[in-house]
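Working notes, structure below.
Every chain is numbered from 1 and lettered A, B, ... according to where its sequence line falls, protein lines coming before strand lines.
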Amino acid sequence: MLDIKFIRENADAVKAAMVNRNADVDVDAVLALDARRREIVGESEVLKAERNKISKSIGKIIQEGGDAEAIKAQVREMGDKISAFDEEMREVEADLRLKLLYIPNMPSATTPVGQTEDDNPVIRSWGEKKELDFEPQMHWDLGEKLGLFDLERGAKLSGSGFPLFTGRGAKLERALIQFMLDLHTEEHGYVEVATPFMCNEQTMTGTGQLPKFAEDMYTVPLDGLYLIPTAEVPVTNMYANEILDKELPILHTAYTPCFRREAGSAGKDTRGLLRVHQFDKVEMVKFTTPETSEEEHEKLTLDAEKVLQKLGLHYRVIELCTGDIGFSASKCYDIELWAPAQDKWLEVSSCSNFKDYQARRAGIRYRDENGKPQFVHTINGSGVALPRLVIAIMENYQNPDGSIDLPAAIQPYMGGLKKLD
RNA sequence: GGAGAGGUGUCUGAGUGGUUUAAGGAGCGCGCUUGGAAAGCGCGUGUACGGGCAACUGUACCGGGGGUUCGAAUCCCCCCCUCUCCGCCA
């Protein structure tokens, strides 16, 4: 969330930013609650100081055998006033906190201003569109024919959007996960973690999924848990409510399945593996100082790109504009793979700098050179998401006979297998 | 799931209603002492919010949340976590 002091001192800038985001936020209501809160704090703390003083004198009077009933009655009256303040304070603070939790992050000064995804500039690209001299097949046709997955049986188990991988398709999932984890831990300096796949409400609030996006998640009501939509949630919140004494930056990578209800996307990209409710992903998360977060964000994006380069896949990097950027992010690059049969770009990674937005929600701090606690900056990105990566491999490396060549980098992880046929 | 024991500051560890302004010890920082160090001695050493240009000052915080009371680390209620034993179990 945003610092209430920042909002207080930069109200116009915050309002302008919310307009650029197409976000409906009542900044003035927040400022009014903040003003009332400070009023109450001032008045009730004076009363509390007075009460503390008199209570102490009552203790003394009683010890000396005196009668304190008159003073007690007087303090009781003060106590009633304090209780009234406390009660209003609870309401005002709860209201203020909730409103703050619904305010998205400030876009970075370098984030391009724009309305929709059509306004997202392309930053760079790597490789070239593969020229196929035959009519390419769709991945869902290739996959069923080669026995890589069985979407019908997956749907039988859980409904559409829950893919069942089979045989070498299942092995390819495992191989890609291992390949990416090895790359990030051995060459990019990340420390691997394996996390819970369900998290509680506080954790979901820390990274910004709650309270606003509750309907996007699967829940376990009996235990008050949510299935994670991304490893960002458990990995970022590892250090929630801590003052870190480790050297920054801290780099973590994790494989997890991700669970998304895709409530707002019904009927969109429904075929094959394009948009599913459960998918595998390798995630990268960084905790940095404010001074290095921009540089670390660029490096993390390159770490994700490296995966695609090693697999020889044509991709482009776009930067999300203010109207399209995620709720908690300040700056964000999307990486998109070219899929020749789909004849379109597929998003496989979203690399975001959250600045101190998540750190403030989750309470993740470090000590600066003066030893004062400061909020860290958090950065994360997919490195990368599996289903669309698999689609791109299948569509780009397919042969006229319907077989699929495996990229050299993944062959060692497939027991030396060179081709799916 | 059942029974019991616990959760206090950076750590250790006291504290069952009122100089606790959380003792004592350790650690850390600064200073004194010393040729230098150790030991010793002195001082300091949390977080958040409010007020103040600042020095500073007020309030809250002893796992979390409520309550009782003039006053709560301490008493009551609910919840969370850790440990031990039993049960079940990959």
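- Not counting sequence neighbours, A:Asn20 has no partner by the side-chain hydrogen bond (donor to acceptor under 3.5 Å, both in side chains) test.
- Counting non-hydrogen atoms under 4.0 angstrom, A:Asn52 reaches the backbone sugars and phosphates but no base.
- Rounded to whole Å, the P atom of B:rG44 lies 14 Å from the corresponding atom of B:rA22.
- Spacing of P atoms, B:rU10 relative to B:rG64, comes out at 13 Å, to the nearest Å.
- Residue contacts shown for A:Arg97 are absent, as no nucleic acid heavy atom lies under 4.0 Å away.
- Closest to the side chain of A:Arg367, out of B:rG50, B:rG71, B:rG46, is B:rG46.
- Within the shown strands, B:rU8 is the pairing partner of B:rG15 under the Watson-Crick or G-U definition, both distances less than 3.5 Å.
- The side chain of A:Arg37 approaches B:rC49 more closely than any other nucleotide in the set B:rU21, B:rG71, B:rC49.
- Between the CZ atom of A:Arg360 and the C1' atom of B:rA48 there is a distance of 13 Å, given to the nearest Å.
- For the 3.5 Å distance criterion, the side chains of A:Tyr366 and A:Lys246 fail to qualify, holding no donor opposite an acceptor.
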(request) Apply the test salt bridge (charged side-chain N to carboxylate O under 4.0 Å, His left out) to residues A:Glu242 and A:Arg365: give CA-CA distance (whole Å), side-chain angles for both, the deciding distance (0.1 Å), then the verdict. (result) CA-CA 6 Å; A:Glu242 290 188 37; A:Arg365 291 176 292 172; over 6 Å; no

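- For A:Arg51, no side-chain nitrogen or oxygen approaches OP1 or OP2 of B:rG58 to under 4.0 Å.
- Residue-level contact check: A:Lys5 touches the backbone only, with heavy atoms under 4.0 Å from sugar-phosphate atoms and none from bases.
- In summary, the aromatic rings of A:His297 and A:Tyr333 are positioned with their centroids under 6.0 Å apart.
- Under the Watson-Crick or G-U wobble criterion, with both distances below 3.5 Å, B:rA73 is left unpaired in every strand shown.
- In this structure, A:Arg36 pairs ionically with A:Glu39, as a charged nitrogen and a carboxylate oxygen lie closer than 4.0 Å.
- Partner assigned to B:rG1 is B:rC86, using Watson-Crick or G-U wobble distances below 3.5 angstrom.
- When each of B:rG67, B:rG51, B:rG58 is scored by its nearest atom to the side-chain atoms of A:Arg38, the top-ranked nucleotide is B:rG51.
- We find that CD1 of A:Ile40 is positioned 13 Å from P of B:rG51, with the value rounded to whole Å.
- Straight-line distance from the CG atom of A:Leu96 to the P atom of B:rA48: 18 Å, rounded to whole Å.
- Salt bridge status for A:Asp28 with A:Lys15: present, with a side-chain N to carboxylate O gap under 4.0 Å.
- Using P as the reference atom, B:rA5 and B:rG9 are 22 Å apart when rounded to the nearest Å.
- Between B:rA3 and B:rA14, the distance separating the two C1' atoms is 29 Å to the nearest Å.
- The gap from the P atom of B:rG63 to that of B:rU16 amounts to 15 Å, rounded to the nearest Å.
- Side-chain contact check for A:Thr111 versus A:Leu320: every heavy-atom pair is 4.5 Å or farther apart.
- Atom P of B:rG52 sits at a distance of 34 Å from the matching atom of B:rU20, rounded to the whole Å.
- With distances taken from any side-chain atom of A:Arg365 to the nucleotides B:rA48, B:rU59, B:rG71, the minimum falls on B:rA48.
- Contacts of A:Ile62 with the nucleic acid, taken as non-hydrogen atoms under 4.0 Å apart, include base atoms.
- Comparing A:Val46 and A:Asp34 by the nucleotide of RNA chain B that holds the closest heavy atom to each, the one mapping nearer the 5' end is A:Asp34.
- Distance noted for atom C1' between B:rG29 and B:rG46: 15 Å (whole Å).
- Partner assigned to B:rC43 is B:rG29, using Watson-Crick or G-U wobble distances below 3.5 angstrom.
- Whole-Å rounding puts the A:Glu242 CD to B:rG9 P distance at 15 Å.
- Picking from B:rU47, B:rC70, B:rU59 the nucleotide with the shortest atom distance to the side chain of A:Lys48 gives B:rU59.
- Pair assignment for B:rC53: none, as no Watson-Crick or G-U wobble contacts are both less than 3.5 Å.
- Counting only heavy atoms from C-beta on, A:Arg90 has its side chain closest to B:rG67 among B:rG58, B:rG18, B:rG67.
- For the C1' atoms, the distance from B:rC77 to B:rA23 is 31 Å, rounded to whole Å.
- Listed pair A:Arg36 / B:rG50 fails the phosphate criterion, with no side-chain N or O lying under 4.0 Å from OP1 or OP2.
- Within the shown strands, nothing qualifies as a pairing partner of B:rG36 under the Watson-Crick or G-U definition with both distances less than 3.5 Å.
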